[in-house]
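By convention in this document, chain letters (A, B, ...) are assigned in the order of the sequence lines, proteins followed by strands, and residues within each chain are numbered from 1.
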Amino acid sequence: MDFSLGAAVFYFHPLKCSVKLNRSFPWFGMDIGGTLVKLVYFEPVDITAEEEQEEVENLKSIRRYLTSNVAYGKTGVRDVHLELRNLTMCGRTGNLHFIRFPTQAMPRFIQMGRDKNFSSLHTTLCATGGGAYKFENDFRTMADLELLKLDELDCLIHGLLFVDRVGFNGHPECYYFQNPSDTQSCVKKPCTLDNPFPMLLVNIGSGVSILAVYSETNYKRVTGTSLGGGTFLGLCCLLTGCETFEEALEMASKGDSTNVDKLVKDIYGGDYERFGLQGSAVASSFGHMMSKDKRDSISKEDLARATLVTITNNIGSIARMCAVNEKIERVVFVGNFLRINTVSTKLLAYAMDFWSKGQLRALFLEHEGYFGAVGALMELLKTTEDP
Amino acid sequence: MAECVRVDSSTSTHTMDKSITLPPDEIFRNLENAKRFAIDIGGSLTKLAYYSTVQHKVAKVRSFEFSYTPPNDKLYEISVQEEVTARLHFIKFENAYIETCLDFIKDHLVNTETKVIKATGGGAHKFKELIERKLGLKVDKEDEMTCLIKGCNFVLRNIPHEAFVYAKHADSEFRFQTTHPDIFPYLLVNIGSGVSIVKVESEDKFERIGGSSIGGGTFWGLGALLTKTKRFDELLQLASKGQHTSVDMLVKDIYGGSYGSLGLTGDLIASSFGKSATADKEFSKEDMAKSLLHMISNDIGQLACLYAKLHNLSRVYFGGFFIRGHPVTMHTITYSINFFTKGEVQALFLRHEGYLGAIGAFLKGAEEDNPNQYSWGENYAGSSGLMSVSPDMNPMQRARSGTFDMLEMDRLERQLVNLPLLQDPSSYIPDTVDLTEDALAREYWLYCFEEALDGVVKRAVASQPDIPEATERAEKFRQKYRHKLQTLRHQPFAYGSLTVRSLLDTREHCLNEFNFPDPYSKIKQRENDVALKYYQKAVKSLEELSWEQRQFALVRGVLAGNLTPSVPCEQRPWLVDSYDQWLERLKGPPHKCALFFVDNSGVDIILGVMPFVRELLSRGTEVVLASNSGPALNDVTNGELQILTERIAAMDPVIQAGLREDRLTLVQSGSSSPCLDLSRLDKVLAMVVRERQTDLVIIEGMGRAIHTNYYAMLSCESLKMAVIKNSWLADRLGGKLFSVVFKYEVPAGKPSQDSAALTPS
């Protein structure tokens with residue numbers, strides 16, 4: 001048992017890797033999604049002089065390339081602020097780096113793997129996400145690399161539980177919003193997932209998957225929706241001409257969705273008391289856009305905001321129904337849609353609290369979209385035990 | 001895109017088309033007596049409702065006094081009387097016509113008692129001033145959702161084929177559901193600009209359990225932004241031509257194939273609009289509209305399923321302008337529901353969905369008349385029926401936008417209920433063949449009814465020899481019914497499932513519409529008269545037979561009576577023949593009480609049915625004779641049967657004793673159809689059946705035992721007897737013309753002989 005950072009109980013099969021059969025570096029875990037590729041890289045910091053000697057040039061250059069840069073090519077980014085430092089994994093100490101790039105850049109990435117002669121390193125590339133299947137053949141034929149394909153939901157859960165357990169450099173990985181119903185006093189508060197089960201896990205990537213998790217190995221996919229992060233970005237691009245998620249969010253942060261959405265009060269003049277609907281509730285997303293005059297006078301920022309609010313509320317609504325149907329009170333939201341997206345996290349926290357009358361609590365995790373990749377890396381270390 | 005007079009409801013100024021002239025006879029009918037107005041003004045359509053009374057002629061029979069020797073030896077007197085019945089009128093038209101319509105109503109409204117008009121719908125507010133000014137009535141607003149639910153309850157309860165499932169690729173687009181007698185609880189998903197999900201538990205108890213802001217307004221608003229297309233209908237048109245796969249990210253776009261371990265197929269949408277997150281590609285309007293339609297339909301379907309599951313409801317009705325007769329949205333919603341519930345929940349749609357608000361508002365205003373204590377029936381003659389707005393199905397749809405759609409409902413004299421002896425009321429379907437699904441049968445019967453039309457017109461004229469304008473009216477009837485048949489040829493689903501029964505009923509409604517209440521009255525009178533003369537002789541010859549010979553002769557008598565005299569009865573074994581089992585049964589203890597649904601006048605009732613009844617009475621079995629409340633073809637009506645029974649009783653002590661001792665009872669069926677719907681029978685009949693512990697049901701004749709109820713399963717013994725008088729049908733059933741069906745059945749679990757099964761070859 002190696003990576004003990006004070007966690008008393010391990011819920012999942014421990015990483016029984018013996019030091020003798022140590023997995024050769026580099027250690028990667030990869031999650032190839034519909035929009036983004038998430039890559040975690042374990043940089044050992046306890047390399048002995050002996051190891052340093054033996055380390056092939058190739059491996060060295062990869063390590064240097066990844067750790068000395070924060071951006072790779074035009075689109076690759078290292079999320080430095082997420083780095084987990086001095087982590088012990090499989091008896092080794094090191095830093096875990098979090099890197100992402102668009103799935104569109106996958107061919108170039110494979111190309112790079114070939115150019116750097118990655119296949120000579122005799123490592124296993126553990127990959128999860130749909131792309132592990134889609135690009136399997138490309139890896140094989142173009143870079144002579146054999147992928148170890150892993151189920152994305154298994155990886156997601158393993159990775160999430162692991163990161164929560166090791167914590168975020170001494171701080172909790174998990175947080176929630178206090179006073180979610182009050183925009184003035186709503187504050188982010190750290191917390192721990194001490195006894196995490198059962199939880200409803202809502203993974204918002206390009207699309208959305210909703211899982212009911214009862215233990216580390218016992219979970220089911222309850223449902224999913226195609227209205228996810230991809231829908232937000234896709235619609236924003238069409239409506240505003242923006243090109244990136246960051247741009248879309250930036251616009252959304254400045255917009256006002258009530259110019260676009262029809263509210264209850266726009267229809268009923270106030271609250272719809274018969275049904276206990278507040279006047280400020282959205283009655284029809286994009287409902288104002290049925291009118292030509294309003295279409296002609298709307299700003300891009302308002303449209304971006306409305307798109308964001310629509311998608312977020314819808315996910316909240318489905319998640320809430322699932323939580324009620326599955327009788328689970330803890331709803332954990334993850335996925336890259338939530339990256340730098342406090343509009344959505346706060347809205348989700350509010351929606352869970354308000355519509356459940358305080359019964360449900362929305363929880364979030366700092367490493368939003370990287371758990372699948374972490375889970376894939378853990379699988380790599382686990383496979384080590386079988387020589 | 002063809003232009004037509006339509007108004008985009010989103011524009012604030014409505015173009016009032018005042019140039020149109022309304023054909024008053026056809027649209028706002030019976031306005032003179034109209035009262036209790038209600039109006040539902042939606043985004044583009046206005047629905048007007050009012051209550052009126054209709055005066056029409058009915059044929060009455062009246063027995064002559066015994067002391068009086070009737071002239072020409074006639075049995076009874078036929079008189080045509082005026083009768084006033086209640087009718088509900090619902091008219092749907094484009095908002096553009098609202099002013100013209102209000103003017104028209106004002107000009108024709110005579111009833112001055114009316115002071116208030118009930119109003120609902122989003123547009124009620126906008127048009128309040130106009131309505132008050134034009135009509136001089138005070139607009140009284142009613143809650144939209146309350147009206148919707150009230151209307152929904154009303155149509156579900158009163159219109160048998162109100163609900164349907166939609167199947168785009170099936171032979172028949174619409175598959176109608178038999179309405180359960182118990183309509184609650186259900187879920188109503190109303191997709192207007194947003195979505196409301198309402199759980200309805202009883203007439204007055206409903207609750208909005210959820211909703212979504214992603215609804216019709218989102219499709220329209222977002223669609224207009226994305227495609228620069230203004231109108232909702234045009235957006236749907238675009239969507240029906242598009243390919244969503246170029247815009248949506250599918251599972252296979254991510255996985256390269258399916259996500260096998262989760263059972264997600266490659267074609268599943270993983271992320272709506274997931275492929276449009278790029279600046280370097282153009283997307284077609286059609287593709288974006290399609291993707292949007294899928295996104296919204298799937299989302300609504302998913303939420304509806306989650307709510308249905310949470311509240312454990314399996315009946316989910318969809319309505320609202322997003323649905324309203326649009327095949328495209330009905331298809332995508334159906335698809336979504338099937339996907340999310342794996343077929344456990346069916347998406348149900350309503351034939352009169354567009355009228356619910358108006359019906360509900362009307363009912364709110366008519367509460368003092370207590371309309372819910374009556375049964376109502378759709379008048380096929382005065383109702384437009386369901387139109388497909390699918391461009392492929394109905395190329396005329398563009399021209400239709402300027403037309404008026406109507407629904408008329410007649411108040412039935414009697415409250416209708418299920419026959420208490422149905423084995424499973426919820427699965428009972430009266431009709432043997434659904435012509436909506438059977439194209440060959442449909443072809444044949446439509447042709448058949450068209451061919452027969454000349455004869456019907458002639459008979460109608462002949463039934464009113466002293467009225468000169470009868471020919472003109474009969475001609476109008478011909479046109480009306482022919483038009484109905486033509487409509488049904490193109491839209492077999494217009495009035496629910498098309499059946500021989502519905503074709504017959506539509507004809508009766510049309511005849512009534514043109515004041516031919518009973519074209520057969522004189523023929524029936526004559527035939528009854530003749531048959532009565534032979535009654536005693538017939539009974540005497542039966543009495544001379546041995547018991548076993550007599551039983552057979554009685555059955556033959558019923559069959560022969562049901563037949564033209566010149567045709568000999570088919571030799572046994574008959575096409576369906578469980579006579580031996582019946583005979584065995586007769587050797588056992590007598591039945592407690594037999595309910596006999598009778599058919600024709602004349603020989604049938606007098607020389608066929610009555611001797612049979614007589615034998616039952618003699619065995620110690622009580623008999624309830626059920627006959628039509630109103631006339632249909634040459635079927636004996638309750639009024640006629642009362643007179644006939646009295647006459648027979650005067651000649652026959654057995655019948656007389658039966659009547660006197662109350663062992664023979666006459667009841668009305670509550671119907672005026674040549675067929676029989678056992679789920680809509682007079683409440684009194686049901687009561688009598690229960691009180692007398694009826695343990696045998698006899699159904700006679702082609703209309704009641706073959707076209708309908710052939711497969712009806714009863715909870716007691718039943719006997720279905722008929723001669724197949726149509727060679728096509730005989731052929732279908734594996735027999736020939738004048739084949740006999742004698743079907744004696746004992747429900748499973750009761751001591752029984754084998755029941756005959758008829759399998760079409």
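Within the 4.5 angstrom heavy-atom criterion, only side-chain atoms of F283(B), from C-beta onward, approach chain A. In this structure, the portion of L262(B) lying under 4.5 Å from any heavy atom of chain A is its side chain and not its backbone. Proximity to chain A is absent for every atom of S196(B), based on heavy atoms less than 4.5 angstrom apart. For L303(A), the part lying near chain B is the side chain, with the backbone staying farther off; criterion is any non-hydrogen pair under 4.5 Å. Contacts of M288(B) with chain A are made by side-chain atoms alone, with heavy-atom separations under 4.5 Å and no backbone atom involved. Heavy atoms of L268(B) lying under 4.5 Å from chain A are absent altogether. Looking at Y272(A), only its side chain comes within 4.5 Å of chain B, counting heavy atoms on both sides. Both the backbone and the side chain of M295(B) come within contact range of chain A, judged by heavy atoms closer than 4.5 Å. For L222(B), the parts lying near chain A are the backbone and the side chain together; criterion is any non-hydrogen pair under 4.5 Å. Looking at E152(A), the atoms closer than 4.5 Å to chain B (heavy atoms on both sides) sit in the backbone and in the side chain alike. When heavy atoms are compared at a cutoff of 4.5 Å, A270(B) approaches chain A solely by way of its backbone atoms N, CA, C and O. The contact between F340(B) and chain A is made entirely by side chain atoms (from C-beta outward), counting heavy-atom distances below 4.5 Å.
Ring planes of Y255(B) and Y133(A): tilted class, angle from 30 to 60°.
For chain A, the option among D253(B), I214(B), L225(B) with the highest count of heavy-atom pairs below 4.5 Å is L225(B). Chain A forms more heavy-atom pairs under 4.5 Å with one residue of G256(B), S213(B), G257(B), G217(B) than with any other, namely S213(B). Counting heavy-atom pairs under 4.5 Å between each of G228(A), S317(A), G224(A) and chain B puts G224(A) at the top. Ranked by heavy-atom pairs shorter than 4.5 Å toward chain B, the options Q104(A), H288(A), M321(A) are led by M321(A). With chain B as the partner, the residue from D151(A), T244(A), V208(A), D261(A) showing the most heavy-atom pairs under 4.5 Å is D151(A). Chain B forms the most heavy-atom pairs under 4.5 Å with one residue out of L153(A), V260(A), T35(A), I298(A), and that residue is L153(A). Contacts with chain A were tallied for S212(B), S261(B), A224(B); A224(B) has the most, counting heavy-atom pairs under 4.5 Å. Each of V282(A), T310(A), N314(A) has some count of heavy-atom pairs under 4.5 Å with chain B, and the biggest count is that of N314(A). The residue among T307(A), L277(A), T103(A) with the most heavy atom pairs within less than 4.5 Å of chain B is L277(A).
Residues D256(A) and T258(A) have side chains that bring a donor and an acceptor to within less than 3.5 angstrom of each other. For S206(A) and S271(B), the side-chain atoms include no donor-acceptor pair closer than 3.5 Å. A donor-acceptor contact closer than 3.5 angstrom is absent between the side chains of N298(B) and Y335(B).
Atom CG of N312(B) sits in a sparse spot, with 12 or fewer heavy atoms from other residues, nucleotides or ligands closer than 6.0 Å. The environment of H311(B) atom NE2 is dense: over 12 non-hydrogen atoms of other residues, nucleotides or ligands sit within 6.0 angstrom. The local environment of CD in Q243(B) is sparse, with at most 12 non-hydrogen atoms from other residues, nucleotides or ligands closer than 6.0 Å. Applying the 6.0 Å contact sphere to NZ of K205(B) captures no more than 12 heavy atoms from other residues, nucleotides or ligands.
In this structure, the ring of F354(A) has its center less than 6.0 angstrom from the ring center of Y350(A).
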Set out, in order, the CA-CA distance, both residues' side-chain angles and the distance that settles salt bridge (Lys or Arg N to Asp or Glu O under 4.0 Å) for E286(B) and K290(B), then state yes or no. CA-CA 6 Å; E286(B) 287 83 359; K290(B) 178 75 162 213; over 6 Å; no
Would E379(A) and K149(A) count as a salt bridge (Lys or Arg N to Asp or Glu O under 4.0 Å) if you check the C-alpha gap in whole Å, the side-chain angles of each, and the deciding distance to 0.1 Å? CA-CA 10 Å; E379(A) 208 59 33; K149(A) 303 192 298 291; over 6 Å; no
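In this structure the side chain of L292(B) never reaches within 4.5 angstrom of the side chain of T227(B), judged on heavy atoms. Counting heavy atoms from C-beta outward, R208(B) and M145(B) have side chains that stay 4.5 Å or more apart.
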